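Here is the structure we will look at, set down as structure tokens.
Atom set for the values below is all heavy atoms of this structure, side chains included, hydrogens, waters and symmetry mates excluded. Each chain gets a letter, A, B and so on, in the order the sequences are listed, and its residues count up from 1. Since the structure is predicted, the reported quantities are computational estimates derived from the model, not experimental observations.
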Number of protein chains: 2
Amino acid sequence: RCPQTERAASTNSELFTLTYGALVTQLCKDYENDEEVNKQLDKMGYNIGVRLIEDFLARSSVGRCHDFRETADVIAKVAFKMYLGITPSVTNWSPAGDEFSLILESNPLVDFVELPDNHSNLVYSSLLCGVLRGALEMVQMAVDVRFAQDTLRGDNVTEIRMKFIKRIEENLPAGDE
Amino acid sequence: RCPQTERAASTNSELFTLTYGALVTQLCKDYENDEEVNKQLDKMGYNIGVRLIEDFLARSSVGRCHDFRETADVIAKVAFKMYLGITPSVTNWSPAGDEFSLILESNPLVDFVELPDNHSNLVYSSLLCGVLRGALEMVQMAVDVRFAQDTLRGDNVTEIRMKFIKRIEENLPAGDE
């Protein structure tokens, strides 16, 4: 069940980008409206995040983060770099330090993509929100994640807004079994 | 329409692997039987291959192949390496030189995957067949691609069998417009 370590760890992302596009297209066929597609993508992302965290902790050798600022840095500089080949900037901290934004100058998931007019409510990259939510839940952080800006919808940058909700106290299934 | 060149070209493949798993799972929900899922995956792969070839030619600087043996080598050593981080071996040539096998010691698409008993006819990685078929069609080669062995189904290796059908003579839409 472990990733096979003998194979090369990195690949070009275009095949991923196009496969993700096929997934979104399929969901748009399956569900009646964009909101439902967004929800499904987020849910799939959550299930992916819950499993991906194990791979991330193994590869990155990142230890426990001491505060949300450190978490933000690890997400931007290690996790995004590792899985999407980009390093978003971390900005727009709330005064309380419980909310920040990841600004993506470019979003590899949307290469080649144009939203059709009849999908104006589609949050195309919703999977990423779910991945972040699921992965962080496995290290006992409950977070809210949403797209605040999206180049696909005409914004200049893509902005993912993350809000710390609470530390999860109960015992979780071990993430590294 | 071009990939944004400023971003890093390589990423870890686990996010891709898990996203592909979400796509297959969704199709298994959508279609009645495994054969139909295989067909859909192949079709999606075809559409991906038709677009991916452009990225491949741009990145690889590979020129026109002079024969099917050269094509086989480029697929194994350049394309698989670039997009999946593995280098299959090329073997089992037919005497006429029109068929060969790609042997994958490991298949990144199936990391983490176990086929449930009720999906014994699922050819999980069918997308790859479609990608190869679509990409080669854009460089005017009609090929037949299928899985001959699959570790997911208990075989020792994964074997993709490729058969040259014909050179496509008619003018195709330019692949690099």
In terms of heavy-atom contacts, does CG of A:N156 have more than 12 from other residues, nucleotides or ligands at under 6.0 Å?
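Check fails, neighbour count at 12 or below.
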
So which residue, A:N47, A:L27, A:L52, A:T25, ends up with the most heavy-atom pairs under 4.5 Å with chain B?
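Heavy-atom pair counts peak at A:L52.
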
When hydrophobic residues are tied together by side-chain contacts of less than 4.5 Å, even through go-betweens, does [X] share a cluster with [Y]?
X	Y	result
B:V113	B:V24	yes
B:V78	B:I75	yes
B:F56	B:V139	yes
A:I103	A:L84	no
A:V62	A:Y83	yes

Go through the atoms of A:V131 and report whether side chain, backbone, both or neither lie under 4.5 Å from a heavy atom of chain B.
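Side chain only.
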
Rounded to the nearest 0.5 Å, how far does OH of B:Y20 lie from CG of A:L15?
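So the CG of A:L15 and the OH of B:Y20 are separated by 9.5 Å.
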
Measuring from atom CG of A:D30 to atom CD of B:Q26, what distance do you get when rounded to the nearest 0.5 angstrom?
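Answer for the CG-CD pair, A:D30 versus B:Q26, is 5.0 Å.
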
How close do A:L127 and B:T19 get, counting heavy atoms only, and between which atoms?
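In terms of heavy atoms, the two residues are closest at CD2-OG1, 3.9 Å.
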
Closest heavy-atom pair and its distance - A:I48, B:A22
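Result for this residue pair: CD1-CB, 4.4 Å.
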
A side-chain contact here means heavy atoms from C-beta on lying under 4.5 Å apart; do B:E14 and A:R59 qualify?
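A side-chain contact exists here, since the closest heavy-atom pair is under 4.5 Å.
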
